[in-house]
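Quantities reported herein were computed from a predicted structural model and do not represent experimental measurements.
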Amino acid sequence: MNIDNTSNNTNDNSRPVTPLEEDCCHNGCNPCIFDVHAKLLEEWKKKKKGNMKTQIRTNLLCPFSYKNFIITDIKEAAENYILLSVKYQENEIKNNVKLLIKPGHHVMLHLQEATRSFTPIHFTDDNIQFLIRLYDNGKFSTCIRHAKIGDEIRIRGPYGNFKYKCNSFQNIIMFCMGSGITAMYPVAKSIIDNELEETRIHFIGCFQKMSQVPLKKELQIFSDYWNFKCTLYISQLQNEIHNLHGINIKCGHLNEASVHQILRDNTSDTTLVLICGSQEFDNSIKQWTNEMDYKCIHVFE
């Protein structure tokens with residue numbers, strides 16, 4: 001890692017503060033706080049060299065130091081999924097500082113001795129809600145299973161390179177698998193909540209079982225809007241009747257033929273394709289999308 005040892009004694013308050021060596025948790029985080037600082041420092045130097053105006057941070061979160069939050073709620077969202085709600089630990093938010101997280105961006109959560117990145121699905125000035133998938137032998141999953149309301153959890157960020165401008169595309173196709181829904185949901189919500197948006201969204205989610213689909217109610221609410229369409233591919237769909245208002249349910253895996261058919265119904269130069277899932281899923285969807293001459297593709301990694 002690259003550590004900047006330049007003194008912080010400067011009259012420019014916009015210069016990124018250099019993290020201390022003890023600020024690193026040494027858990028192999030990606031990104032590491034020192035890598036983040038190096039990137040922010042490089043951007044700051046470019047702005048200074050070009051005499052560009054730098055803005056003083058008003059975000060409650062910081063990308064290279066942890067802020068303390070407390071767990072306020074933990075509840076089941078679906079099979080192997082929980083909704084985790086946290087609140088900033090300080091009693092007051094001063095100087096108009098508040099949480100600022102762009103849709104699709106993620107943060108690092110540090111609980112006990114475990115650290116992992118998650119994408120918030122909702123936030124207010126001092127509260128954040130996460131949809132978290134639990135794994136049988138996952139280190140963070142083990143910690144969160146034993147966590148209680150009132151426990152401290154540390155957060156730093158946000159991170160991400162996804163940028164979206166209102167009405168920059170006619171259509172957005174969202175391909176996600178499992179917990180990849182966490183990257184898509186806030187992007188979809190930000191578009192639906194914006195009355196000026198005319199972009200149409202087709203959300204395609206892939207899950208093993210219906211019981212493992214989180215945010216069903218939210219997806220149904222989205223489907224009531226004229227510009228949102230939802231299709232779920234369930235690989236192990238049981239014989240019972242699943243009647244989810246506004247949601248199209250298909251049995252089986254999302255395959256190459258299905259992706260090509262979905263893309264055939266859209267125009268490549270006016271459509272943005274978003275992808276989030278396992279590495280194999282991401283690579284396959286991206287390859288099939290490229291085969292259809294789509295150029296505007298973003299993979300959440």
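Glu197 and Thr199 are linked by a side-chain donor-acceptor pair at a separation below 3.5 angstrom, with hydrogens and angles left out of the test.
Each of Leu131, Thr72, Leu109, Asp73 was compared with Leu84 under the side chain to side chain contact (heavy atoms under 4.5 Å, CB included) criterion, and only Leu109 meets it.
Here the NE2-SG distance, from His245 to Cys230, works out to 11.5 Å after rounding to the nearest 0.5 Å. Note that OG of Ser141 and CG of Asn80 are 9.0 Å apart. Values are rounded to the nearest 0.5 Å. With values rounded to the nearest 0.5 angstrom, Glu218 atom CD is found 11.5 Å from Ile192 atom CD1. Once rounded to the nearest 0.5 Å, the distance linking CD of Gln208 with CD of Glu79 reads 8.5 Å. Going from atom CD1 of Ile128 over to atom CD1 of Ile101 covers 4.5 Å, rounded to the nearest 0.5 Å. Distance check, rounded to the nearest 0.5 Å: CG of Asn248 to OG1 of Thr231 gives 4.5 Å.
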Working for side-chain contact (heavy atoms from CB on, under 4.5 Å), residues Tyr66 and Thr115: CA-CA 11 Å; Tyr66 281 101; Thr115 304; 3.6 Å; yes
Stepwise side-chain contact (heavy atoms from CB on, under 4.5 Å) check, Met174 with Cys176: CA-CA 6 Å; Met174 300 178 170; Cys176 72; 6.0 Å; no
Audit row: Tyr164, Val187, side-chain contact (heavy atoms from CB on, under 4.5 Å) steps and yes/no: CA-CA 9 Å; Tyr164 173 76; Val187 177; 5.6 Å; no
Worked check of side-chain contact (heavy atoms from CB on, under 4.5 Å) between Ile132 and Phe118: CA-CA 8 Å; Ile132 296 178; Phe118 292 96; 3.6 Å; yes
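Hydrophobic clustering, defined by side-chain heavy atoms of Ile, Leu, Val, Met, Phe, Trp and Tyr closer than 4.5 Å, groups Met177 together with Ile173, Phe175, Ile204, Tyr233, Leu254, Val259, Ile262, Leu263, Val273, Ile275, Phe281, Ile285, Trp288, Met292, Tyr294, Ile297, Val299.
Under the ring pair (Phe, Tyr, Trp, His ring centres under 6.0 Å) criterion, no residue pair touches residues 186-213, with sequence neighbours excluded.
Side-chain contact between Leu219 and Leu244: absent, with no pair of heavy atoms (C-beta onward) separated by less than 4.5 Å. Side chains of Phe69 and Asp126 form no contact here, defined as non-hydrogen atoms less than 4.5 Å apart. Between Ile234 and Gln212, the closest side-chain pair of non-hydrogen atoms is not below 4.5 Å. Within the 4.5 Å cutoff, the side chain of Leu99 has no heavy atoms near those of the Asp125 side chain. Put simply, the side chain of Lys102 does not reach to within 4.5 Å of the side chain of Pro158, judged on heavy atoms. At a threshold of 4.5 Å between non-hydrogen side-chain atoms, the residues Lys163 and Lys165 do not count as touching. Looking only at side-chain heavy atoms (C-beta outward), Phe123 and Leu61 stay at 4.5 Å or farther from each other. Between Arg200 and Phe169 the shortest side-chain heavy-atom distance does not fall below 4.5 Å.
No donor-acceptor distance shorter than 3.5 angstrom exists from the side chain of Ser65 to the backbone of Cys62, with no hydrogens or angles considered. Under a 3.5 Å cut-off, the side chain of Asn127 and the backbone N or O of Thr124 do not form any donor-acceptor pair. With hydrogens and angles disregarded, a donor-acceptor distance shorter than 3.5 Å links the side chain of Asn167 to the backbone of Leu196. With hydrogens and angles ignored, the 3.5 Å screen pairs no side-chain donor or acceptor of Lys189 with any backbone N or O of Pro103. Side-chain atoms of Tyr88 do not come within 3.5 Å of backbone N or O of Lys98 as any donor-acceptor pair. In this structure, the side chain of His106 does not engage the main chain of Met108 through any donor-acceptor pair within 3.5 Å. Side-chain atoms of Asp282 come within 3.5 Å of backbone atoms of Gly277 as a donor-acceptor pair (strictly under, hydrogens ignored). For Asn290 (side chain) and Lys286 (main-chain N/O), a donor-acceptor pair under 3.5 Å exists by modelled atom type. Side chain of Asn59 to main chain of Leu100: a donor-acceptor pair is present (N/O by atom type, distance under 3.5 Å, no hydrogens or angles). The main-chain N or O of Leu60 is found under 3.5 Å from a side-chain atom of Lys67 such that the two form a donor-acceptor pair.
A 6.0 Å sphere centred on CD of Glu198 holds no more than 12 heavy atoms belonging to other residues, nucleotides or ligands. The environment of OH in Tyr225 is sparse: at most 12 heavy-atom neighbours from other residues, nucleotides or ligands sit within 6.0 Å.
Across every non-hydrogen atom of Leu237 and Met210, the tightest pair is CD1-CG, 3.7 Å. When all heavy atoms of His110 and Gln112 are compared, the pair lying nearest together is NE2-O, 3.1 Å. The minimum heavy-atom distance between Ala183 and Cys276, with the atom names listed, is CB-SG, 3.9 Å. Shortest non-hydrogen contact noted between Asp293 and Ser268 is O-CB, 3.6 Å. Nearest approach of Arg133 to Gly178, heavy atoms of both residues: NH1-CA, 4.4 Å. When all heavy atoms are compared, the tightest approach of Ser211 to Ala78 is O-CB, 3.5 Å.
A perpendicular orientation is assigned to the rings of Phe300 and His298, their planes being inclined by more than 60° (bins at 30° and 60°). Between Phe222 and Tyr185, the two ring planes are parallel [angle under 30°; tilted spans 30° to 60°].
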